[in-house]
Structures are given as C-alpha cells and as structure tokens.
Amino acid sequence: MQVRDIMTTNVVCIDPNTSLREAAQKMKDNDTGALPVLSGPEGEPIGILTDRDIAIRAVAEGATPDDTVDRFVTRQVVTIEPDADIDDASRIMGDRQIRRLCVVENGHLVGIISLGDLAVIESNEAEDALEDISHGARAEGDGGSRPSA
C-alpha cells in the first residue's frame with residue numbers, strides 16, 4: 001500500500017506571517033494538532049506548527065496571541081513522496097520519533113500522513129511507529145531529546 005492511499009489530502013496550511021491566535025483557531029476549527037507552514041504561492045513546506053509548539057515554545061516564551069508563528073515553527077520538515085510504501089512512512093516516523101509526515105510531490109505539499117492514518121489500516125505499521133515514538137518520549141524524560149512535529 002502506498003502513502004497516497006491513506007494520506008489526508010485536504011490539509012489546512014498557514015504561512016509564516018499567520019498569528020498564533022489565527023493558527024490556534026484553525027487547529028480548533030479543523031480538529032488538528034498540526035499545520036504545515038508553506039512558503040509562497042508554490043506551496044513548498046518550510047516548517048510545521050504543532051499545538052505543542054504553541055504551548056511549549058510560544059506561551060512559555062511569553063509570546064502574545066498576535067505574534068506570528070514564524071519564530072515557533074519546527075523547521076525540520078520531514079517529507080515523503082506519495083508513491084512511497086506505508087512501511088517506509090512508518091519506519092521514518094519511528095526513526096525520527098514524529099507523528100506526522102508532509103507528503104510532497106515535485107516540491108509541493110499534496111497531503112499529510114499521520115500516525116492515526118497508519119492506525120486505521122490492518123497492519124503493524126502504527127504499532128511499530130508508536131512503539132519507537134513512545135520509546136523516544138521515555139528517553140526524553142531521561143535527558144534525551146526528540147524533535148517535535
């Protein structure tokens with residue numbers, strides 16, 4: 001099975017000049033915990049903003065709701081092609097200890113695949129990825145670190 005078979009295609013995105021308030025409202029309105037941040041009209045992902053970025057980075061640093069998201073975006077965008085196998089997606093999520101991958105084709109965002117997307121298929125991909133991600137979270141408590149996304 002390929003990533004394109006299970007990815008979410010109606011992805012809500014923002015640009016770096018979006019306010020934290022507007023980003024949080026989009027997350028609430030669309031029941032999502034992450035928004036890809038795109039550069040320019042071409043739709044090239046330059047980062048991803050998660051609810052965790054807002055809570056841990058922005059609020060903890062004293063940002064106001066009107067500050068732009070640009071300072072708080074996770075810049076290490078991990079991507080995958082839509083024709084990739086879901087096993088590859090699961091492996092990447094586990095190895096990088098992330099819960100989402102931006103799906104990019106010819107440099108343009110065409111979707112997003114999450115751990116939840118993997119969970120709805122009949123396979124061990126989600127279980128394997130979650131185990132790797134959870135292991136990283138436990139290591140974080142022991143002084144380890146992992147990227148947010």
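Along the sequence shown, the residues carry numbers beginning at 1. What you see below is based on every heavy atom in this structure, not just the backbone, and it leaves out hydrogens, waters and symmetry mates. As the structure is a prediction and not an experimental result, all values here were calculated from the model.
For the 3.5 Å distance criterion, the side chains of Asp67 and Ser19 fail to qualify, holding no donor opposite an acceptor.
Here Asp51 pairs with nothing under the side chain to side chain donor-acceptor pair (under 3.5 Å) rule; sequence neighbours left out. Under the side chain to side chain donor-acceptor pair (under 3.5 Å) criterion, Asp66 pairs with Arg21, not counting sequence neighbours. By the side-chain contact (heavy atoms from CB on, under 4.5 Å) test, Thr9 pairs with Met7, sequence neighbours left out. Here Asn106 pairs with His108 under the side-chain contact (heavy atoms from CB on, under 4.5 Å) rule; sequence neighbours left out. Listed by chain and residue number, Pro45, Thr79, Cys102 satisfy the side-chain contact (heavy atoms from CB on, under 4.5 Å) test with Val77 (two or more places apart in sequence, or in another chain). For Asp88, the side chain to side chain donor-acceptor pair (under 3.5 Å) criterion is met by no residue, not counting sequence neighbours. Scored by the salt bridge (Lys or Arg N to Asp or Glu O under 4.0 Å) test, Asp70 finds Arg75 as partners (sequence neighbours excluded).
Distance check, rounded to the nearest 0.5 Å: NZ of Lys26 to OG1 of Thr18 gives 6.0 Å.
Taking 4.5 Å as the limit, some side-chain heavy atom of Glu61 sits within range of a side-chain heavy atom of Arg71.
Through direct or indirect side-chain contacts shorter than 4.5 Å among Ile, Leu, Val, Met, Phe, Trp and Tyr, Ile56 is connected to no other residue. Residue Val69 shares its hydrophobic cluster (ILVMFWY side chains chained together at separations under 4.5 Å) with Val12, Ile14, Leu20, Met27, Leu35, Val37, Ile46, Leu49, Ile54, Phe72, Val73.
Applying the salt bridge (charged side-chain N to carboxylate O under 4.0 Å, His left out) definition to pairs two or more places apart or across chains, those involving residues 103-121 are Arg4-Glu105. Sorted by first and then second residue, the salt bridge (charged side-chain N to carboxylate O under 4.0 Å, His left out) pairs involving residues 27-40 (not counting sequence neighbours) form an empty list.
Across Ser114 and Met93, no two heavy atoms sit closer than the pair C-CE, 3.8 Å. Taking each heavy atom of Val3 and Ala89 in turn, the nearest pair found is CG2-CB, 4.1 Å.
Between the side chain of Asn30 and the main chain of Thr32, no donor-acceptor pair closer than 3.5 Å is present. Gln2 places a side-chain N or O within donor-acceptor distance of the main-chain N or O of Asp83, the cut-off being under 3.5 Å.
With Leu101 as the fixed residue, the side-chain contact (heavy atoms from CB on, under 4.5 Å) test singles out one of Val103, Ile98, Val104: Ile98.
Hydrophobic clustering (side-chain heavy atoms under 4.5 Å, transitive across Ile, Leu, Val, Met, Phe, Trp, Tyr) groups Ile92 together with Met1.
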